[in-house]
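Every heavy atom of this structure was used, including side-chain atoms; hydrogens, water molecules and symmetry mates were not.
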Amino acid sequence: MEVKCIIFDCDGVLVDTEKIGNGILLLMGAEHGFEMKLEDAYREFNGRNLKECFLHIENAIGKKLPDNFESEYRKRSFEAFKTQVKPMEGIVEFLNKLEIPYCVASSGPVDKIRLNLEVAGLLDKFENKIFSSYQINSWKPDPGIFLHAAKEMGFDVKDCIVIEDSKAGVISGIKGGFKVYGFANGYNNEDLEKEGAILFDSYEELWDLI
């Protein structure tokens with residue numbers, strides 16, 4: 001296929017946030033009796049709606065989380081993101097070489113996407129090309145956000161590829177009919193490949209693949 005548009009996920013694909021976000025979620029969960037290893041959190045939580053992650057914790061501990069759990073998580077994670085977020089290695093060079101349109105499509109709220117891109121120094125590259133599940137009330141693994149992004153960018157599904165790092169994201173892309181490339185991080189390799197993604201572990205490798 002001739003690639004005419006690239007749709008990037010955000011966390012773990014454009015910006016290095018997954019360890020920060022999952023670390024805070026596990027720390028807060030532990031305050032209520034929840035235990036999970038970081039590598040398992042990558043598999044269970046990456047790419048999913050926060051409410052699904054909270055429900056997973058509640059089912060594991062057998063009780064409801066406090067009403068302010070989400071607001072407290074967002075507060076703590078936003079503070080951490082403001083100082084700790086970095087661009088994924090090689091992404092700046094990759095974007096600078098691209099001569100085709102690209103965008104970001106994420107399950108996170110727009111303000112979170114913008115914050116992470118800004119701190120990582122990537123916001124100027126994605127202005128007016130940011131699409132959030134919260135805008136259309138459709139979350140991965142439903143394909144809605146990727147279909148929405150392709151439509152808004154003015155391309156057919158067959159002309160776009162999706163770049164993902166989560167199982168939910170790969171399922172979303174495949175369901176939508178996209179060719180999906182999975183950013184392998186050592187924790188997710190088997191899950192991404194099983195769901196139909198073409199694996200790569202660096203942006204130099206992805207450049208050669210596409």
Side-chain angles (χ1 to χ4, degrees), residues 9-81 84-85 104-113 115-116 131-149 162-176 178 180 182-197 199:
D9 174 46
C10 189
D11 297 329
V13 171
L14 296 175
V15 294
D16 194 359
T17 55
E18 300 292 35
K19 186 174 182 179
I20 301 169
N22 280 318
I24 292 170
L25 185 56
L26 293 183
L27 184 64
M28 290 182 62
E31 296 169 3
H32 299 279
F34 180 70
E35 295 183 5
M36 177 181 280
K37 293 180 180 179
L38 183 61
E39 54 264 36
D40 293 328
Y42 280 115
R43 298 190 185 98
E44 291 291 341
F45 297 150
N46 285 11
R48 289 199 173 274
N49 180 356
L50 263 185
K51 286 181 171 53
E52 291 181 0
C53 301
F54 298 158
L55 182 60
H56 182 105
I57 294 174
E58 289 177 339
N59 289 337
I61 63 177
K63 61 182 180 182
K64 295 283 289 182
L65 291 167
D67 291 339
N68 70 336
F69 191 87
E70 180 173 354
S71 61
E72 183 63 22
Y73 171 78
R74 292 201 182 279
K75 178 182 175 183
R76 290 196 200 180
S77 59
F78 265 59
E79 287 303 311
F81 291 155
Q84 299 177 35
V85 172
V104 57
S106 169
S107 291
V110 172
D111 57 348
K112 173 179 178 268
I113 301 170
L115 171 66
N116 290 342
F131 305 106
S132 163
S133 289
Y134 284 81
Q135 295 171 318
I136 61 170
N137 292 313
S138 173
W139 282 268
K140 304 169 188 176
D142 184 90
I145 186 58
F146 290 134
L147 294 172
H148 173 68
V162 164
I163 312 299
E164 262 290 351
D165 74 315
S166 72
K167 179 178 179 179
V170 172
I171 293 172
S172 174
I174 296 294
K175 276 185 178 180
F178 296 90
V180 180
F183 201 155
N185 59 27
Y187 301 117
N188 62 4
N189 303 40
E190 187 175 337
D191 285 339
L192 302 193
E193 192 167 31
K194 181 180 178 182
E195 298 301 337
L199 298 189

State the CG-OG distance between N116 and S77, to the nearest 0.5 angstrom. 8.5 Å
Among residues at least two apart in sequence or on other chains, which ones pass side-chain contact (heavy atoms from CB on, under 4.5 Å) with E39? K37, R43, Y187
Under the criterion side chain to side chain contact (heavy atoms under 4.5 Å, CB included), I'd like the reasoning laid out for Y42 against K19: C-alpha separation, chi angles, the key distance, then a yes or no. CA-CA 8 Å; Y42 280 115; K19 186 174 182 179; 3.5 Å; yes
Would you say the side-chain atoms of S106 pair up with the backbone N or O of S132, donor to acceptor, closer than 3.5 Å? no
Restricting to ring-ring contact (aromatic ring centres under 6.0 Å, His included), what partner residues turn up for F183, sequence neighbours left out? F200, Y203
By the side-chain hydrogen bond (donor to acceptor under 3.5 Å, both in side chains) test, which pairs, at least two apart or in different chains, include something from residues 58-68? none
Minimum side-chain heavy-atom gap I145-F131 below 4.5 Å: yes
Looking at residues at least two apart in the chain, or sitting in another chain, which of them share a side-chain contact (heavy atoms from CB on, under 4.5 Å) with A80? I20, I24, Q84
Derivation of the side chain to side chain contact (heavy atoms under 4.5 Å, CB included) call for F78 and D111: CA-CA 10 Å; F78 265 59; D111 57 348; 4.2 Å; yes
Looking at N188 and N185, would you say the former's side chain and the latter's main chain have a donor-acceptor pair under 3.5 Å? yes
With E70, which residues qualify under salt bridge (Lys or Arg N to Asp or Glu O under 4.0 Å), at least two apart? K51, R74
Partners of T17 by side chain to side chain donor-acceptor pair (under 3.5 Å), sequence neighbours excluded? D11
Quick one: OH on Y73 to CG on L27, what's the gap to the nearest 0.5 Å? 11.5 Å
Not counting sequence neighbours, list each pair that qualifies as a side-chain hydrogen bond (donor to acceptor under 3.5 Å, both in side chains) and has a residue in residues 22-36. N22-N46, E31-R76
State which residues pass side chain to side chain donor-acceptor pair (under 3.5 Å) with K140; sequence neighbours excluded, sorted by chain then number. D9, E164
Where is the tightest heavy-atom contact between L26 and F34, given as atom of each residue plus distance? CD2-CE2, 3.9 Å
Step by step, work out the side chain to side chain contact (heavy atoms under 4.5 Å, CB included) result for L25 and I57. CA-CA 10 Å; L25 185 56; I57 294 174; 3.9 Å; yes
How long is the straight-line distance from CG of N189 back to CG of D165, given to the nearest 0.5 Å? 11.0 Å
Carefully, step by step, assess F69 and L50 under the rule side chain to side chain contact (heavy atoms under 4.5 Å, CB included). CA-CA 11 Å; F69 191 87; L50 263 185; over 6 Å; no
Shortest non-hydrogen contact from G169 toward S166: N-OG, 2.9 Å
Who pairs with F146 by ring-ring contact (aromatic ring centres under 6.0 Å, His included), at least two apart in sequence or on another chain? none
Taking only residues two or more places apart in sequence, or in another chain, which ones meet D142 in a side chain to side chain donor-acceptor pair (under 3.5 Å)? S138
Interatomic distance, CD@E195 vs CD1@I171, rounded to 0.5 Å, equals 4.0 Å
Atom CD of Q135: over 12 foreign heavy atoms under 6.0 Å: yes
Restricting to side-chain contact (heavy atoms from CB on, under 4.5 Å), what partner residues turn up for K75, sequence neighbours left out? E72
Approximate separation, where rounding is to 0.5 Å, of S133 OG and I113 CD1: 8.0 Å
I'd like to check the side chain to side chain donor-acceptor pair (under 3.5 Å) partners of E79; sequence neighbours left out, ordered by chain and number. K82
